[in-house]
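Protein chains get the first letters and strands the later ones, always in sequence-line order, with residue 1 at the start of each. Because only heavy atoms are used, hydrogens play no part in the values below, and waters and symmetry mates are left out as well, while side chains stay in.
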2 protein chains.
Amino acid sequence: MSSRTRVPDELHETVVSRLARLGQRYTTNRKSLVAMLWAEGRPMTLPEMLEADAALAQSSAYRNLVVLEEAQVLHRLVTTGPFACWELAEDLTGHHHHHLICRSCGVVEDFTASPDLERLLGKAVGQAGSAAGFVAEDHRLDLLGTCNNCR
Amino acid sequence: MSSRTRVPDELHETVVSRLARLGQRYTTNRKSLVAMLWAEGRPMTLPEMLEADAALAQSSAYRNLVVLEEAQVLHRLVTTGPFACWELAEDLTGHHHHHLICRSCGVVEDFTASPDLERLLGKAVGQAGSAAGFVAEDHRLDLLGTCNNCR
DNA sequence: CTAAGATTGAGGATCATTCTCAAAAAGGTC
DNA sequence: GACCTTTTTGAGAATGATCCTCAATCTTAG
């Protein structure tokens, strides 16, 4: 539980400029979402966000998540559960990572792969072109298992 | 496009016995779904299945996909797109694989990782326990890019 | 301060998926 | 083959996460 308290100025500035590129403002609601994800340090679903900040309106939250996603500030994860899951974009946190997903409760935690593994993943991305003309650009790795709480 | 024509007897028998474990029959509709996925050789969404076999009723198809998933005959993928995606369970095809996902059209193709990469993935699964008490049991790897059609 | 434009939020609309239930089909038994 | 029991089917309704609408409110520029 890496509970961080304040969004660094540098991150703040980057978010401002990415939103500005799309002609969007960094409003109070949007700041709340970014600050919450920063503080939590792991991907969150919409119900989690609404619970964490009762002042958020559901429709505005959804809309702002989409705006922040389009601005490449947030990234939407694909999950097994019924809810989508958002995290800060990797290039904002400077922390390339993958996910540990609990099969029991669905919680998602971050996980850093070994340099060896990352190197091979990069290689796999480069080589995938051989298969049926597919050009790979990126990779996504999840480890599935059981979290500390559910054991 | 690896279009295979007939489901092997061995696969057929395995499906029968897995359904039997749950007290379920291998009905005509369920055979259609399995045969279709076998013939197609890649994960398919529900609309794709309905288009491939106009005789399928939507509600029955959804229900049978769930039954086949519970029997561990099929596996449901998580995707970015609006539709879920199903494939034959890995241990039925005897073919451990990952996925190439086209960011443009969403099509999913199979992809076999190198032995080196698989070895490191297995190692990562084993080591993940160190992180916050998480016990990993399995891994999921997707390569994201552009398919042959969309280029 | 004011006008123009962006954002908000309550509620409604959408749509993939699941559920309901009456009709049809499949087994088992004689 | 006919009969009974249980499962499966499929058309349509219900559910629920997400997205849209629009009048009210807030921001920013001038």
Completion exercise
Quick note, T27(A) side chain, CB onward, closest among dT8(C), dT17(C), dA17(D) is dT8(C)
Practice task
Please report, rounded to the nearest Å, how far the C1' atom of dT9(D) is from the OH atom of Y26(B).
Solution key: 17 Å
Handout entry: Spacing between Q24(B) atom CD and dT6(D) atom P, to the nearest angstrom
Key = 16 Å
Problem - Distance, rounded to the nearest Å, where L68(B) contributes CG and dT8(D) contributes C1' - result: 13 Å
Exercise for the section: Give a yes or no on whether a salt bridge exists between R21(A) and E70(A), defined as a side-chain N under 4.0 angstrom from a carboxylate O. Expected result: no
Handout entry: Joint cluster assignment, V107(B) & L141(B), ILVMFWY side-chain distance < 4.5 Å
Key = no
Handout entry: Any donor-acceptor N or O pair under 3.5 Å, side chains E90(B), H95(B)
Key = no
Fill in the blank from the handout: Rounded to whole Å, the CG-C1' distance (D53(B) to dG10(D)) equals 14 Å
Completion exercise
Ranking dA10(C), dA16(C), dT7(C) by distance to the side chain of A57(A), first place goes to dA10(C)
Exercise for the section: Whole angstrom is fine here: how far is it from CG in L46(B) over to P in dT17(C)? Expected result: 7 Å
Practice task
Whole angstrom is fine here: how far is it from CE in M49(B) over to P in dG10(D)?
Solution key: 16 Å
Fill in the blank from the handout: Only residue of H99(B), H98(B), H97(B) satisfying side-chain contact (heavy atoms from CB on, under 4.5 Å) with F111(B) is H98(B)
N/O contacts under 3.5 Å, protein versus nucleotides 19-26 of chain D?
none

Exercise for the section: Drop me the distance from H75(A)'s NE2 to T93(A)'s OG1, to the nearest 0.5 angstrom. Expected result: 12.0 Å
